[in-house]
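Let me begin by presenting the structure, written as structure tokens, before commenting on it.
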Number of protein chains: 2
Amino acid sequence: MSTTPKGEVKRAALVRATITLVNNSGFHAAPMARIAKLAGVSAGTIYRYFESKQDLINQVYLEVKSAFSVSAFRDYEETDSVEADFRKIWYNIADFKLREVEQALFLSQCDNTPMIDEASRQEGLRHLKPLLDLWERGQELGSIRPVSPYLLYAYTVYPVAFLLNMQERGYCELTPARVDAAYEMAWNSIKI
Amino acid sequence: MSTTPKGEVKRAALVRATITLVNNSGFHAAPMARIAKLAGVSAGTIYRYFESKQDLINQVYLEVKSAFSVSAFRDYEETDSVEADFRKIWYNIADFKLREVEQALFLSQCDNTPMIDEASRQEGLRHLKPLLDLWERGQELGSIRPVSPYLLYAYTVYPVAFLLNMQERGYCELTPARVDAAYEMAWNSIKI
DNA sequence: ACAAAATGAATGAACGTTCATTTTTTTATC
DNA sequence: GATAAAAAAATGAACGTTCATTCATTTTGT
């Protein structure tokens with residue numbers, strides 16, 4: 001019945017366990033033995049699916065990044081309104097972060113540590129192409145600031161990661177009103 | 001001649017070494033022995049200045065956070081222009097991050113990992129009071145969006161940390177023009 | 001000569017990884 | 001189908017390494 005290949009069940013459990021443990025106490029406090037235990041497999045089994053701990057982390061990162069970008073561009077199709085297109089993608093991203101909190105927290109932790117291979121990071125970045133294309137189009141049409149995409153990212157996507165972290169620490173709940181305000185602020189910072 | 005008490009020299013060296021090592025490869029790859037070596041002292045000496053590794057990390061964090069806030073409010077005094085006041089603080093922050101790259105990178109790594117005690121984090125936050133006061137004043141005067149300070153922080157200060165990380169990875173140099181653009185984007189996102 | 005500071009080898013705990021063994025699944029044969 | 005042989009997957013104890021921390025000893029400063 002299920003479409004999940006047999007061997008993939010344990011692999012998926014390991015991925016989930018890694019995300020949970022790294023979120024709760026960081027990379028350095030997620031020993032292989034605990035990951036295995038949480039996933040319900042024995043320590044040695046990890047090495048049937050991953051070459052090493054580094055490989056495990058990299059693969060988890062890429063998998064989560066991929067899920068993120070799939071969500072970011074769900075139901076997205078270019079219209080002739082740059083702002084409408086941007087809004088669609090931005091809310092997709094916000095929805096992902098609010099729905100898949102664990103995955104989003106894991107990503108935000110990865111983005112600021114040297115624990116991810118540069119190669120994996122580069123690969124993760126390629127997924128954002130459609131957003132970069134949209135920004136370029138907006139810049140050609142004169143509706144988006146003519147600045148580096150890194151600046152655009154810093155003021156639209158990156159703040160959401162911060163807000164999610166604050167919510168998880170109990171400081172600032174991300175109510176729908178706050179999410180809407182965040183969108184307005186994002187758009188105001190990049191529009192011309 | 002120097003105002004530095006004798007014993008503080010090695011302590012300061014240890015703090016610097018910790019920052020450098022944690023920046024280069026993360027918390028988990030900064031063993032006490034290497035910190036000691038880089039600081040030019042022996043491993044045991046660390047424990048004359050710090051109770052444990054956790055204590056070392058916490059103290060370094062607080063010291064850097066303190067240096068950060070001192071810079072943030074250097075030469076700052078309230079005027080009757082909220083925007084001018086904000087601009088002053090924002091550029092102070094940007095200058096600190098550009099001048100004290102190592103310290104800024106260390107902070108951005110601390111802000112997204114669970115490696116800092118919640119207590120230390122709270123104490124680090126208190127330093128930002130003048131900025132929070134300014135925002136409150138701006139909100140009362142109707143020139144700053146009436147939203148949570150976490151939102152204001154997410155769209156003004158936090159993006160700079162991202163940009164610095166990108167610069168350090170060689171993706172996006174923070175030229176003066178880019179810094180000015182970043183300021184404009186920050187202000188546009190929070191002004192009414 | 002004394003006290004404070006610094007040393008670095010020693011210690012034990014914890015970690016990532018391996019591998020001889022056991023368990024489970026698949027394949028082959030009737 | 002049932003059964004046996006073969007292959008694959010899983011196990012967890014054991015290994016070697018690395019780490020934070022300690023402490024008997026030495027060095028430095030007064």
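Naming: A, B, ... by sequence-line order, numbering from 1 per chain. Hydrogens, waters and symmetry mates are skipped; everything else that's a heavy atom, side chains included, is used. What you see is a predicted model; the values in this text were computed from it and never measured.
Nearer the 5' end of DNA chain D, as judged by each residue's closest nucleotide, is the contact made by A/Arg48, out of A/Arg48 and A/Gly44.
In this structure, A/Lys53 satisfies the cation-pi test against A/Phe27, with its NZ or CZ atom closer than 6.0 Å to the six-membered ring centre and inside 45 degrees of the ring normal.
Looking at B/Glu63 and B/Arg11, a side-chain N of the basic residue comes within less than 4.0 Å of a carboxylate O on the acidic one, giving a salt bridge.
Listed by chain and number, the residues in a side chain to side chain donor-acceptor pair (under 3.5 Å) with A/Asn24 amount to none (sequence neighbours excluded).
Within residues 22-43 of chain A, the residues that place at least one heavy atom under 4.0 Å from DNA chain D are, in residue-number order, A/Val41, A/Ser42.
The NZ atom of B/Lys53 sits 15 Å away from the P atom of D/dT22 (whole-angstrom rounding). One atom, CZ of A/Arg11, and another, C1' of D/dA10, lie 17 Å apart when rounded to the nearest Å. In this structure, A/Gln54 places its CD atom 18 Å from P of C/dC15, rounding to the nearest Å.
Minimum atom distance to the side chain of B/Thr45 is reached by C/dT7, of the listed D/dT11, C/dT7, C/dG16. You'll find that the side chain of A/Tyr47 is closest to C/dG16, out of D/dA20, D/dA10, C/dG16. Comparing C/dG16, D/dA9, D/dT21 by their nearest atom to the side chain of A/Tyr49 picks out D/dA9.
In this model, a donor atom of one side chain and an acceptor atom of the other lie less than 3.5 Å apart for B/Asp85 and B/Thr79. In this structure, a donor-acceptor pair under 3.5 Å is absent between the side chains of B/Tyr49 and B/Asp55.
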Which donor-acceptor pairs under 3.5 Å do side chains of residues 140-154 of chain A form with protein atoms, sequence neighbours excluded?
{"from": "A/Ser143", "atom 1": "OG", "to": "A/Gly138", "atom 2": "O", "distance (Å)": "3.4"}
{"from": "A/Arg145", "atom 1": "NE", "to": "A/Ser189", "atom 2": "O", "distance (Å)": "3.2"}
{"from": "A/Ser148", "atom 1": "OG", "to": "A/Tyr150", "atom 2": "N", "distance (Å)": "3.0"}

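Listed pair A/Lys10 / D/dA10 meets the phosphate criterion, a side-chain N or O lying under 4.0 Å from OP1 or OP2.
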